[in-house]
Amino acid sequence: SSADIGVTGLAVMGRNLARNFARNGYTVAIHNRSYARTQELVDQFGNEGSFVATETVAEFVKSLRRPRKAMIMVQAGTATDTVIEALAEHMEPGDMIIDGGNAHFADTRRREAALRKRDLLFVGTGVSGGEEGALLGPAIMPGGATEAYASLGPMLESIAARAADGTPCCSHVGPDGAGHFVKMVHNGIEYSDMQLIGEAYDLLRRGIGLEPRRISEIFAEWNKGELDSYLIEITAEVLAHTDAETGSSFVDVIVDQAAQKGTGRWTVQNALNLGVPVTGIAEATFARALSSGNVQREAARQLAGPNPAEHEVSEDMIDDVRQALFASKIVAYAQGFDQIAAASAEYDWNIDLGACASLWREGCIIRARFLDRITEAWGANPALGSLLAAEEFSSAIAQTQDSWRRVVATAARVGVPTPGFSSALSYYDGLRSERLPAALIQGQRDFFGAHTYRRIDKDGTFHTDWSGDRSELSL
Ligand code: 6PG
């Protein structure tokens with residue numbers, strides 16, 4: 001038994017993580033359901049470091065130095081349970097299983113509790129950054145016991161991306177499912193960010209009438225300022241790409257139906273349970289569903305829209321769109337952090353929001369320059385209430401709000417859908433409203449169902465006798 005760590009499941013993410021560990025000086029045991037993949041890794045990349053190729057699970061586990069650390073990189077769901085069981089059978093008390101897939105945090109909590117009973121440590125960890133990140137430095141979001149992080153943490157930190165100030169983009173997020181939860185919300189924010197960028201593109205394309213190549217240049221320009229982020233950068237690249245077969249712009253030959261593997265949906269489902277309004281993530285998830293709803297899109301093809309000739313949009317709107325995108329993006333992140341805070345309270349995770357923002361600064365898909373500012377904002381005041389209340393963000397939005405409102409109004413006028421921009425603005429206006437029509441809703445609820453209400457001028461619970469003399473009863 002000589003390996004420092006093992007990786008089982010050698011599809012692209014697993015393979016690249018194994019290589020990353022080996023390149024950082026660790027001896028890595030590798031295993032895959034079919035041995036051919038294991039052999040292939042050794043053949044192609046064996047010279048990058050020290051690998052121990054194993055054929056069976058028993059051999060894989062035996063090859064690990066105690067206490068053992070075996071990382072699973074297989075498909076989330078039943079495949080993960082099967083692999084965990086196979087590993088656990090051969091493990092001994094104190095050994096550790098690490099799940100680096102996109103597991104649902106509730107599964108991670110269940111698995112952690114079950115393995116703890118067998119004296120095994122279980123760490124569910126988020127890993128973000130795609131194929132390239134896995135190899136060159138992902139952002140890593142480990143949950144699980146503090147004891148597990150003490151021995152595993154340094155290894156994960158050494159393969160993680162580093163922020164500009166040298167901090168590894170990896171830290172212990174919290175107990176049991178906290179790591180996978182934070183990864184789930186990361187993906188939710190990713191959905192929201194991508195939707196907002198999509199809407200910005202659509203407004204420049206259909207609203208103003210610019211060509212993809214020009215829009216690519218605009219995004220590349222935006223990427224030099226406060227919008228600087230990985231997703232904006234790759235957007236510029238995708239838009240500049242020409243389809244080799246047709247010579248058309250690549251974006252024009254792709255079927256316009258967005259797929260999803262489920263993490264965005266999970267985020268929204270959980271937010272509904274916790275009662276956290278992550279409207280941006282919800283709209284982004286539904287926008288993907290709308291794009292894929294063939295029957296409805298087919299049926300709606302003839303529906304009336306505004307006459308384009310009557311609604312010229314000038315290039316002056318380009319900068320408004322940039323500002324609307326920035327403001328909406330701040331809202332998306334603010335909502336994601338609200339959800340993490342709510343879950344942290346619900347599940348007793350004690351998650352440090354500043355540390356979360358810090359580890360998203362590099363390596364992951366939502367990495368962005370402004371995460372530095374989010375890290376600072378939570379660091380300066382963990383009891384902010386909402387990221388929107390941080391001085392730098394409230395003043396940034398104060399400056400962009402006129403543009404934001406113009407963009408949403410123009411979009412409605414010309415008939416370009418902007419569920420992300422519009423819902424973010426409504427959320428912002430909702431939060432800052434002194435009085436909301438929720439008062440009326442309480443009145444309606446009391447009228448039809450005697451659901452009661454509270455008064456602004458005295459404590460207690462009240463009901464009006466709507467069907468009788470309309471006198472008020474104090475309950
Ligand atoms: C990451 C990504 C990654 C996920 C894709 C796909 O952080 O590296 O989030 O985990 O595979 O984002 O998600 P969808 O298929 O649902 O778009």
Side-chain angles (χ1 to χ4, degrees), residues 9 11-17 19-20 71-77 79-80 98-105 107-108 124-143 156 159-161 163 169-171 173 177-198 229-235 238 254-271 278 280-292 332-333 336 339-340 356-368 371 420:
V12 63
M13 290 295 286
R15 185 182 66 194
N16 283 358
L17 279 174
R19 291 173 62 198
N20 190 346
M71 186 156 186
I72 306 179
M73 293 301 295
V74 301
Q75 221 163 34
T80 305
I98 305 130
D99 176 14
N102 271 330
H104 193 289
F105 76 97
D107 287 335
T108 303
T125 183
V127 177
S128 175
E131 228 174 290
E132 197 180 273
L135 182 64
L136 303 176
I140 309 181
M141 294 149 247
L156 294 181
I159 67 155
C169 294
C170 169
S171 57
V173 174
H180 273 140
F181 187 91
V182 164
K183 175 64 195 335
M184 178 188 78
V185 175
H186 163 286
N187 281 26
I189 296 174
E190 172 184 302
Y191 275 49
S192 196
D193 224 344
M194 291 168 76
Q195 173 65 23
L196 293 170
I197 293 172
S229 64
Y230 173 71
L231 284 169
I232 297 275
E233 177 193 326
I234 66 166
T235 301
V238 172
I254 306 179
V255 174
D256 60 344
Q257 298 181 347
Q260 49 183 313
K261 293 204 207 74
T263 47
R265 181 169 65 237
W266 293 347
T267 313
V268 180
Q269 285 168 339
N270 170 265
V278 291
I281 302 172
E283 289 294 355
T285 308
F286 284 134
R288 289 195 190 191
L290 184 150
S291 76
S292 306
Y333 282 68
Q339 186 170 354
I340 293 173
C356 258
S358 166
L359 74 81
W360 286 345
R361 286 183 295 170
E362 284 297 336
C364 64
I365 304 296
I366 64 169
R367 61 186 183 258
L371 273 161

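Whatever order the structure lists them in is the order used to number ligands and atoms, beginning at 1. Bear in mind that the values here come from a model prediction, so they are computed numbers and not experimental data.
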Please produce the table of protein N or O atoms sitting under 3.5 Å from N or O atoms belonging to ligand 1, one pair a line, distance to 0.1 Å.
unit_1   : atom_1 : unit_2 : atom_2 : d
ligand 1 : 7 (O)  : S128   : OG     : 2.4
ligand 1 : 7 (O)  : K183   : NZ     : 3.3
ligand 1 : 8 (O)  : S128   : OG     : 3.4
ligand 1 : 8 (O)  : G129   : N      : 3.0
ligand 1 : 8 (O)  : G130   : N      : 3.2
ligand 1 : 9 (O)  : N187   : OD1    : 2.9
ligand 1 : 9 (O)  : N187   : ND2    : 3.1
ligand 1 : 9 (O)  : E190   : OE1    : 2.7
ligand 1 : 9 (O)  : E190   : OE2    : 3.3
ligand 1 : 10 (O) : N102   : ND2    : 2.9
ligand 1 : 10 (O) : K183   : NZ     : 2.8
ligand 1 : 12 (O) : E190   : OE2    : 2.3
ligand 1 : 15 (O) : K261   : N      : 3.4
ligand 1 : 15 (O) : K261   : NZ     : 3.3
ligand 1 : 16 (O) : Y191   : OH     : 2.5
ligand 1 : 16 (O) : K261   : N      : 2.9
ligand 1 : 17 (O) : R288   : NH1    : 2.8

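- In terms of heavy atoms, A332 sits closest to L196 at CB-CD1, 4.4 Å.
- Pairs passing the salt bridge (charged side-chain N to carboxylate O under 4.0 Å, His left out) check and including a residue from residues 187-197, sequence neighbours excluded, read D193-K329.
- Between the side chains of N16 and E131, no donor-acceptor pair is found at a separation under 3.5 Å.
- For Y191, there are no ring-ring contact (aromatic ring centres under 6.0 Å, His included) partners, not counting sequence neighbours.
- Partners of R361 by salt bridge (charged side-chain N to carboxylate O under 4.0 Å, His left out), not counting sequence neighbours, listed by chain and number: D165, D372.
- Each of V127, T80, V74 was evaluated against D99; a single residue qualifies, T80, per the side-chain contact (heavy atoms from CB on, under 4.5 Å) test.
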